[in-house]
Amino acid sequence: MTDKYNFHEIEKKWPSSAKATDDKQEYDFRVIEKKWQDIWQKNKYGQSADFDDKPKHYHLVEFPYPSGAGLHVGHLMGYGASDAYCRMKRLQGYNVMFPIGWDAFGLPTENYAIKNKIKPQKATADNIANFKKQIHSLGFSFDWKREINTTDPEYYHWTQWIFLQFYKHGIKNGKLIEVADDDYHTPRLAFRAEMPVNWCPSCKINLANEEVVDGKCERCGTETEKRMQKQWMLRITAYADRLVDDLETVDYLDKIKTQQINWIGRSTGTNVRFEVKGFSNTVHDEEIEFYTTRIDTFFGTTFVVVSPEHPILEKLGYHIQNYHEIKEYVEVAAKKTELERTELQKDKTGVKCYGVYAVNPINGEHIEIWVADYVLTSYGTGAVIGVPAHDQRDYEFAKKHHIPIKQVVSILNHKSEILDKAIVDYGILINSGEFDGLSSDEAKIKITEKLKSIGAGEFTTNYKLRDWIFSRQHYWGEPIPIVHCDPPTGGCGRVPLPDDQLPLELPVVDNYEPSDTGESPLAKITDWVVTTCPKCGGRAERETDTMPNWAGSSWYYLAYTLVKSLKSKVKSGSNIFTKHAKELEYWLDAGDAARSSKSGGGVDIYNGGMEHTTLHLLYSRFWHKFLYDIGVVPTLEPYAKRIAHGIILGPNGRKMSKSFGNVINPDEIVAEFGADTLRAYVMFIGPYDQESAWNMAGVQGVYRFLKRVWRNQELVKENVVDPTELLVKLNQTITGVTNDLENFQMNTVVSKLMEFNNLVEKIGSISTKSYEKFILLLSPVAPHIAEELYESVIHSDLTMQKWPEPDKKYLIFDKIEVVIQVNGKVRDKISVDSAISDEEMKKLGLGTEKIKKILAGNEIVKTIVVPKKLVNIVIK
RNA sequence: GCCGCGGUGGCGGAAUUGGUAUACGCGUACGACUCAAAAUCGUAUUCCCUCAAGGAAUGUGGGUUCGAUUCCCACCCGCGGCACCA
């Protein structure tokens, strides 16, 4: 058995006749598609105007990273559906902006450049050229006038500008304020910190927490190491509450909202402080703070645990009798990788601190203090109270180390379903002094209030979300526009570059190799690094770290509306955002309907993959909210609606990958079957938001469908009167296709078109008028063939037409079919007048031959009539 | 462990304010065209039953209902997210 997919088997099934033929009657997609792609390009189809009488629709797809591998079929899932949607919207009379650009900074390009000794700028340009060619060959109607590239200095000028805004703003008393250059106390939103960073020894890069999965580098799978390093950070945690709460104002798939909520991981609980005492009476004024979500179990505390990194240990020092042992344990813990300390560790190791104890503030009990590495420094206060009776981990720890277990909440019998669910899950307090008899929920409030009254605790909110490590030690990213002016020359400290020195361009280099020391390749370019301080004019050095590739993509949806000014200089002291406030207001406001409801506004629809929900989507929401706070964007949220598409697996049902040999190259499918077939197939492949496996036979099926559509132009007759059956189906198809497109139910869009085409074949003719509507419905998913047929049969330009509206006349029927059931089983069907009364239905239902036969000799218990639908006769 | 989503023919999948289950596509079988094949067209195709009649079936077992793929309870399986998060 091997995972390799046998490609010869697929090839055998590909038709050898799917080649251009001399016969002009044949469906020759090669000629047709080239023709229309050129026409669309020439006519600038897809280009949108800023401001228009028409209603606007801003439709965003994730801009691609221009890799060397080119466009893959996954891109088609997103771009194909969105292109179809936009084509419909244009026909419906919308001013549609459907832009595209290049998210071109990033490690693969840098690695490629190192390996092949070419400049990343050159590699990027080459890859973009290839992507453009591919996109052109698929007939996507992007607005090329708005093309952007994150690696253009004109673009990253503003990425740097936004970074400097983060640097220049901070939080004081819970409010966002401008921070003076010499203010070293107010926490800035962009700040430097000595951080334990996730170092990937293979990529030679520090990763954000979000980029570490199971202790491994998300990109290459190498186990990461913890290192201490000075890093630029963005204070995303200051926005945690709003990032959770404002999800209520946006229309995202529920699972996306859930993922973001889980990721931010907000929990409310209680902080409680214990005084620390030593048996020798020499310990004074020391305390440990704990965080718990279960303060209702507080009286069950039989021990407390601090993390190995907790500062209290050093403070207590040799007041702890076995301090040597503790230090040893701390050292061992430090050597463990993240993986060993979390995933793999089942055994709860720990050491008791002898000679010291903690005092429970609520009842004065003396509590033993332990150090254990199952407690993490990075969450809460880095210390937990141990309540073994009501926490699985505490229980395991207590069992292993023979610590007493004390039950303080009686779990109620689960059968008493009448009780409130919260009480069933928790219980009623016992052995808890004055709090006995309270429910867990009540006790949480009362106990915290009590702690507050004695100054030992209060309610607190905690988040799993950490601040965003924003530095990368790489070449191919935006330089961080900060200068370090250190003594002896000046000593101005960190100095942001003034606006007129932006953009700070990447220097041209010969060597992009990162170093093992973790320094950026830029650090080696002395000419560039050494500069003058913008403040004092003395010698200073540039920051050599660059930004992560999430930076440029955090505001690109704004850039599309600002392209006019990306190329031209903006007056010093101003910025492109305020300069183009009108454009931003026009494109980002989600429309009147949204404005009147509780909406955060933003891009009308944002379509992309599920893999970006906790990184890109969260980061860009954070940036947007910050930009809103400093008054440069008009909406609270960047994206009013977010949808996501599933991934396409290889023909063997596994993730497409070179090593499995199951990668489908869109260029090959286009060459063999054409862009329309490929696009329609990808829409037809399965439910839009689920994963689906590629299937060559399915491609064939769609190809056959288009060939039949092509052939059926012969059935179009100018003077024929369509039978009612066809008109009914046509109008049902108009309704169905419109609804399905609106809801991104792409697979049924295609099947409904197939159904209609099948009926046309069965009837053998179709009027020009009906045919025209069908072709319009087809045009979003197969635009080239639709244009060609429209031109040759209707003699007009499809893109100038209007999207068809259903004629209600054909959706209401004279005759309807009524189902007759006996005991819930279908026994007969009758065709009746649609104005039929319930009484008549009952009479007719009881009277048919078949039913009479079944009813003979049986007693009718009752008869149920569903108006205009069915009759159910219950017998015996 | 917690949270979320799903399980329908030989296969991918339609259809849920409870009312004709299996649309559409693939595959398969037979037939037409052809010297022949491919392509194309026609017919059939959930299963059981020779046909008809009939019966059974939407992961499993219960329940509510005249009627359940749809609602409720329990369970099994698969997928995704979070996870020594206190």
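One interatomic measurement links the two molecules: CG of A:Asn823 to P of B:rU65, which rounds to 15 Å at whole-angstrom precision. Between the P atom of B:rG6 and the CG atom of A:Leu253 lies a distance of 12 Å, rounded to the nearest Å. Whole-Å rounding puts the A:Tyr463 OH to B:rA86 P distance at 14 Å. For A:Trp263 and B:rG80, the CH2 to P distance is 16 Å, given to the nearest whole Å.
Listed by chain and residue number, A:Glu849 satisfy the salt bridge (charged side-chain N to carboxylate O under 4.0 Å, His left out) test with A:Lys852 (two or more places apart in sequence, or in another chain). For A:Lys400, the salt bridge (charged side-chain N to carboxylate O under 4.0 Å, His left out) test picks out A:Asp347, with sequence neighbours left out. A:Thr738 meets the side chain to side chain donor-acceptor pair (under 3.5 Å) test with A:Trp803; sequence neighbours excluded.
Separation of the C1' atoms belonging to B:rC5 and B:rC49 is 40 Å when rounded to the nearest angstrom. Between B:rC24 and B:rU43, the distance separating the two P atoms is 12 Å to the nearest Å. B:rG78 and B:rC72 have their C1' atoms separated by 23 Å, given to the nearest Å. The same atom, P, is picked in B:rG1 and in B:rC84; the two are 16 Å apart, to the nearest Å. The separation of B:rG61 from B:rC76, taken at their C1' atoms, amounts to 10 Å, rounded to a whole angstrom. Spacing of P atoms, B:rA68 relative to B:rU20, comes out at 12 Å, to the nearest Å. B:rG18 and B:rA23 have their P atoms separated by 24 Å, with the value rounded to a whole Å. For the P atoms, the distance linking B:rG9 with B:rG4 amounts to 27 Å, nearest Å.
Every pair tested for salt bridge (Lys or Arg N to Asp or Glu O under 4.0 Å) that includes a residue from residues 820-832 of chain A fails, sequence neighbours excluded, so the list is empty.
The glycosidic torsion of B:rG59 lies more than 90° away from 0, which places this base in the anti conformation.
Under 4.0 angstrom from either OP1 or OP2 of B:rU40 there lies at least one side-chain N or O belonging to A:Lys707. At B:rU40, one or more side-chain N or O atoms of A:Arg704 fall inside 4.0 Å of OP1 or OP2 (strictly under the cut-off). Phosphate proximity of B:rG67 to A:Lys862: absent, as no side-chain N or O sits under 4.0 Å from OP1 or OP2. The side chain of A:Tyr379 places an N or O atom within less than 4.0 Å of a non-bridging phosphate oxygen (OP1 or OP2) of B:rA86.
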Inset, instruction - Would you write the dot-bracket representation of RNA chain B, where each base gets (, ), [, ], | or . depending on whether it forms a Watson-Crick or G-U pair under 3.5 Å and with which partner? - result: (((((((..(((......[....)))((((((.......))))))(((.....)))..(((((..]....))))))))))))....
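Contact check on A:Arg294 versus A:Asp391 returns no salt bridge, with no Lys/Arg side-chain nitrogen under 4.0 Å from an Asp/Glu carboxylate oxygen. With salt bridges taken as basic N to acidic carboxylate O contacts below 4.0 Å, none links A:Glu817 and A:Lys869.
Out of B:rU40, B:rG80, B:rA86, the shortest distance to the side chain of A:Leu376 is found at B:rA86. With B:rA39, B:rA86, B:rC24 as the candidates, the nucleotide lying closest to the side chain of A:Asn758 is B:rC24. Among B:rG81, B:rU40, B:rA86, the nucleotide with an atom closest to any side-chain atom of A:Thr293 is B:rA86. Looking at the side chain of A:Thr258, the nearest of the listed nucleotides B:rU40, B:rC3, B:rC66 is B:rC3. Proximity note for A:Arg708 (side chain, C-beta onward) versus B:rC41, B:rA86, B:rC66: the nearest is B:rC41.
The shortest non-hydrogen separation linking A:Lys257 to A:Val250 is NZ-O, 3.0 Å. The nearest pair of heavy atoms linking A:Ala693 to A:Gly653 is CB-CA, 4.1 Å.
Remark: A:Tyr395 OH is loosely packed, at most 12 non-hydrogen atoms of other residues, nucleotides or ligands lying under 6.0 Å away.
Across all strands, A:Lys255 comes closer than 4.0 Å to no nucleic acid atom at all (heavy-atom distances). Looking at heavy-atom distances under 4.0 Å, A:Arg827 makes contact with sugar-phosphate atoms alone, never a base.
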Legend entry - Contact pattern, 5' to 3', of nucleotides 10-20 of chain B - B, S or - by protein heavy atom under 4.0 Å: --BSS----BB
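The one candidate from A:Asn739, A:Asp740, A:Thr733, A:Asn757 that meets the side-chain hydrogen bond (donor to acceptor under 3.5 Å, both in side chains) condition with A:Lys752 is A:Asp740.
Annotation: the span from A:Ile403 atom CD1 to A:Trp370 atom CH2 amounts to 4.5 Å, rounded to 0.5 Å.
In this structure, A:Glu755 and A:Asp391 both approach RNA chain B, and ranking their closest nucleotides by distance from the 5' end singles out A:Glu755.
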